[in-house]
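Please read the structure below before turning to the comments.
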Amino acid sequence: MNNMEFQKNDKVLCRILNYIPKERSFEVEDVASHTKGWVIFVNHYDDIPPMKEAFLSRKTLPLYFDRYEDGTPLFVYKLYNDVPKNESDNCFVENDKSTLTVNMTFSTSNSEFNEKLFNALYHSLGESIDTNEKYEIAKQLLAVNRVLRIHQGLTKDLFKISNNLYQTKFWSDGLIPYCSNVGIRRSWNNADEEGKQIILQRLGISLPPTKGNNIECYFENIEEIVLRNIIAARTTIIACMAWFTNFNIFKAIRHKLDDGIKVVIITNNDLINNGGYCLNFNELIERGLELHLAEYPDLIHHKFCMIDEQLLMTGSYNWTFFSENINRENMIVVKDDQDTIKAYIDEFNMLIEKYEVVDKMPESVPEKPEYDRSSFKQYISEELVLRSKKRIGNIKDNILSAKRLSPMYTTVLQAVSDFNVVEDNTSLTVEQIEQTANTVAIAERREHINTLNQRQENLVAQRVDLEQERQQIVQQQIEVAAQAQQIAENEDVTEEERKEMEENIRIQAQELEHRHEQIESTINQVEQESTTIEEAVNQTEVQIATIQSTSQIVTEGGRGSLKINLKWNTYDDLDLHVIDPDGVEIYFSDKEHRCQEVLGKLDIDANAGSSHTRTPQENIFWEDGKNAPLGRYKVFVEYYAKKDNFTEVPFTVTVYPDKGQSKVFTGIMYNAKDKRDIVDFDYTENGISYVE
């Protein structure tokens, strides 16, 4: 126990010995008696600044004694008169002495009086606590209610009728234990570091110590921040940007190159950056830009830029007008964090080693398959394949879902093979199976057309080179002939010298003639191949049109465990023939055969006899409830009778297996009695396998 005994609310002159921020406590000492104690806080945060200032300036400060705790005196910085005091047999609350005060005396025995007085004060607040006067009354009501317990739920009711400002003030003064998110956010934004620590303590949140990094976050007007930082660059700008189409940033980069700033950029050579309507990167290259390009199948998806190796900009934001004006984007700016900057520099250096610098933009971009990495379907398909590889979820379901999205994508086809996944079509309708089969068939043919067109472009370039070389040879032949004429007319050489020169000229002329013949032969080959490719493209386009046309015909007939369907669009009579594993042919003359105890049947025979339709089809299937016979099948189509005026009759044959891939085959009939082999396939316990 200390030698000095203090009474409640004694004013004691103290010096501040120590400050403990995390506990919001000050150790103090009475100047007169050298009695040591502590300053206590009851959420009155405005006491801390003057206490802290006195501690730092080593000034004394008058404090009010509150109570002893384990023999140690506890002080407060100032008196708070919102706490009820017992005097004789009355309970009263007093306002701050600096303002107009009203003493409200409550009885300790007359509860009816207390309730009427209390309710009168409560109703005086009206519908909203929105002034300091009302707030002071509310504080007094809270203090009284803690003793007399007149109004149950007073705290919540006062909070509800307070505006945002006074809700926050109730919370800041420790009178109400909760606050709105808006109020807490406002308090946080207006607080210094110590105030923020106090708010976290009140919320019961403990954060680990953080580095003193300067990090800024942006969600709006990001272009302005990018331009500001680029313009401020003094030595270097390095950027790895998936897409760059923003002309404002382009101009800023151009300006910095003119100022002698080193600029290195990595981006994609694709149709966004190099589609013939994009920024003129060659202009920047001529000014000193070091440009590295990633090409399909690689894809740069980074979006970061470093200024002077001291400032990093990164996030979802591409340097495009689309990012600035359409998308919801984000970007953070990190300053003077050398560990983070170094990590990005290391990644950048690795990429510039991988992707060579270019001295000009390529005239074209690499051809991509239909499902390239900018395709949503391909992206999801890759995700599903990765899930399978990581054994996440059902492997078979993942692979089959990926195949339905991207049936021709190489990654998916490889996964189907690697995991030996067999498609089970039993739960799908004929329409669903057919839609997938048509999509795959059209995609295969479009990819084939793309390959043919690429080859055609190469042939055109080759033809141009050959023509140029032929012109050069013709010119050389003219020059050699002129030299031969000069030699013949030159009288200043001996006969022996003349013969030697004439022999050299003869050899040159012979070699030129031989090369000229080779070029002519190669040009002919190029022209023939070009014609063949053109015909193949036309044929493939006809196949696509045929698939699209027959897909409009609603598929009919039985399905069973295996179904084969023929469709065309004329009155002509085409016939579907299938040879089953027993070697028996099912067609219009022999419509049924039971193979391995499973019945196969032709149930639709269109345009036979006198009936005619422009949406005909023929259908053969093997009965429901049983697996199709195992073994080799052979499918062909015969042009039985011409009944229409078309010179060509395009058709499709679709195979619908219960297990394995459904496929669409195309063909064209020209003359009656023509026969076209369509496909051979094996049907096993693991499903269908087509014979190439």
Side-chain angles (χ1 to χ4, degrees), residues 422-441 546-547 550-569 573-609 611 613 615-638 640 651-667 675-691:
V422 177
E423 296 178 63
D424 184 353
N425 300 318
T426 55
S427 63
L428 301 177
T429 65
V430 168
E431 290 76 14
Q432 289 172 324
I433 298 173
E434 186 175 273
Q435 183 179 9
T436 300
N438 288 335
T439 300
V440 171
T546 302
I547 295 170
T550 58
S551 67
Q552 304 303 311
I553 302 174
V554 177
T555 304
E556 299 176 350
R559 171 179 173 181
S561 54
L562 176 63
K563 172 186 178 78
I564 303 173
N565 186 272
L566 164 68
K567 295 179 182 178
W568 66 102
N569 285 290
D573 185 5
L574 302 188
D575 288 323
L576 176 64
H577 297 247
V578 177
I579 300 176
D580 70 12
D582 280 349
V584 176
E585 184 176 347
I586 301 176
Y587 68 116
F588 68 90
S589 291
D590 192 359
K591 295 185 178 181
E592 295 185 2
H593 178 254
R594 190 172 293 277
C595 176
Q596 301 173 19
E597 303 302 321
V598 183
L599 181 64
K601 179 180 179 181
L602 171 73
D603 63 342
I604 299 180
D605 183 12
N607 286 353
S611 62
T613 175
T615 57
Q617 59 185 294
E618 298 212 349
N619 190 73
I620 297 176
F621 74 103
W622 281 259
E623 63 183 313
D624 292 329
K626 296 181 180 180
N627 292 327
L630 305 182
R632 175 67 58 89
Y633 293 75
K634 182 177 182 64
V635 182
F636 62 92
V637 174
E638 185 176 357
Y640 185 80
F651 64 87
T652 59
V653 173
T654 306
V655 181
Y656 305 79
D658 264 2
K659 294 181 181 179
Q661 183 182 4
S662 176
K663 271 200 165 188
V664 180
F665 302 90
T666 63
K675 176 182 171 183
R676 294 283 184 273
D677 290 335
I678 303 303
V679 64
D680 290 3
F681 62 84
D682 294 317
Y683 208 88
T684 70
E685 293 179 352
N686 293 324
I688 197 168
S689 175
Y690 298 96
V691 179

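Since the model is a prediction, treat every value here as computed from it, not as a measurement.
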Heavy atoms, side chains only, cut-off 4.5 Å: are Glu685 and Leu630 in contact? yes
Within a strict 4.5 Å, meaning less than it, do heavy atoms of the Val655 and Tyr690 side chains meet? yes
Quick one: closest heavy-atom pair of Gly557 and Asp603, and the distance? CA-OD2, 3.3 Å
Is there side-chain contact between Arg632 and Val691, with at least one heavy-atom pair below 4.5 Å? yes
Could you note down all residue pairs passing side chain to side chain donor-acceptor pair (under 3.5 Å) where residues 553-568 supplies at least one of them, sequence neighbours left out? Glu434-Thr555, Glu434-Lys567, Thr555-Lys567, Lys563-Asn619, Asn565-Gln617, Asn565-Asn619
For the residue pair Asp658 and Gly560, what are the closest heavy atoms and their distance? OD1-O, 3.7 Å
How close do Asp575 and Leu566 get, heavy atom to heavy atom, and via which atoms? C-CD2, 4.0 Å
Output for pair (Ser662 OG, Gln432 CD), nearest 0.5 Å, gives 12.0 Å
Val635 and Asp680: which non-hydrogen atoms are nearest, and at how many Å? N-OD1, 4.3 Å
Side chain to side chain contact (heavy atoms under 4.5 Å, CB included) for Asp677 and Lys634? Distances and angles first, verdict last. CA-CA 8 Å; Asp677 290 335; Lys634 182 177 182 64; 4.0 Å; yes
Could you pull out all residues at least two apart from Tyr640 that satisfy ring pair (Phe, Tyr, Trp, His ring centres under 6.0 Å)? Phe588
When rounded to the nearest 0.5 angstrom, what distance separates CZ in Phe665 from OG1 in Thr546? 15.0 Å
Looking only at the side chains, is there a donor atom on one of Thr652 and Thr550 sitting less than 3.5 Å from an acceptor on the other? yes
CD (Glu585) and CG (Asp580) are apart, to the nearest 0.5 Å, by 10.0 Å
Point-to-point distance, once rounded to the nearest 0.5 Å, from CG of Asp582 to NE2 of His593: 4.5 Å
Does one side chain, of Thr684 or Asn686, offer a donor that lies under 3.5 Å from an acceptor on the other? no
Side-chain contact, heavy-atom cut-off 4.5 Å: Leu428 with Glu423? no
Please report the shortest heavy-atom distance between Leu562 and Pro657, naming the atom on each side. CD1-CA, 4.0 Å
Can you find a pair of side-chain heavy atoms, one from Ile564 and one from Thr654, that are under 4.5 Å apart? no
Is any side-chain heavy atom of Thr613 less than 4.5 Å from a side-chain heavy atom of Asn607? yes
To the nearest 0.5 Å, tell me how far Ile579 CD1 sits from Ile586 CD1. 10.0 Å
I would like to know whether Phe651 and Ile678 meet side chain to side chain contact (heavy atoms under 4.5 Å, CB included); could you show each step before the answer? CA-CA 11 Å; Phe651 64 87; Ile678 303 303; 3.6 Å; yes
Taking all atoms of both residues into account, what is the closest heavy-atom pair of Asp573 and Ala608, and its distance? OD2-CA, 3.9 Å
Quick check on the 6.0 Å ring-centre criterion: do Trp622 and Tyr683 meet it? no
Please work out whether the ring planes of His577 and Tyr587 are parallel, tilted or perpendicular, with thresholds of 30° and 60°. parallel
With rounding to the nearest 0.5 Å, note down the distance linking NZ in Lys663 to CZ in Phe681. 12.0 Å
Given side chains that start at C-beta, do those of Glu597 and Glu623 come closer than 4.5 Å, heavy atoms only? no
Before giving the answer on side chain to side chain contact (heavy atoms under 4.5 Å, CB included), spell out for Leu576 and Ile620 the whole-Å C-alpha distance, their side-chain angles and the decisive distance to 0.1 Å. CA-CA 8 Å; Leu576 176 64; Ile620 297 176; 3.9 Å; yes
Are any non-hydrogen side-chain atoms of Asn425 and Tyr656 less than 4.5 angstrom apart? no
Within 6.0 Å of CD in Gln435, more than 12 heavy atoms from elsewhere: no
Is the Lys NZ or Arg CZ of Lys675 less than 6.0 Å from the centre of Phe636's six-membered ring, within 45° of the axis? yes
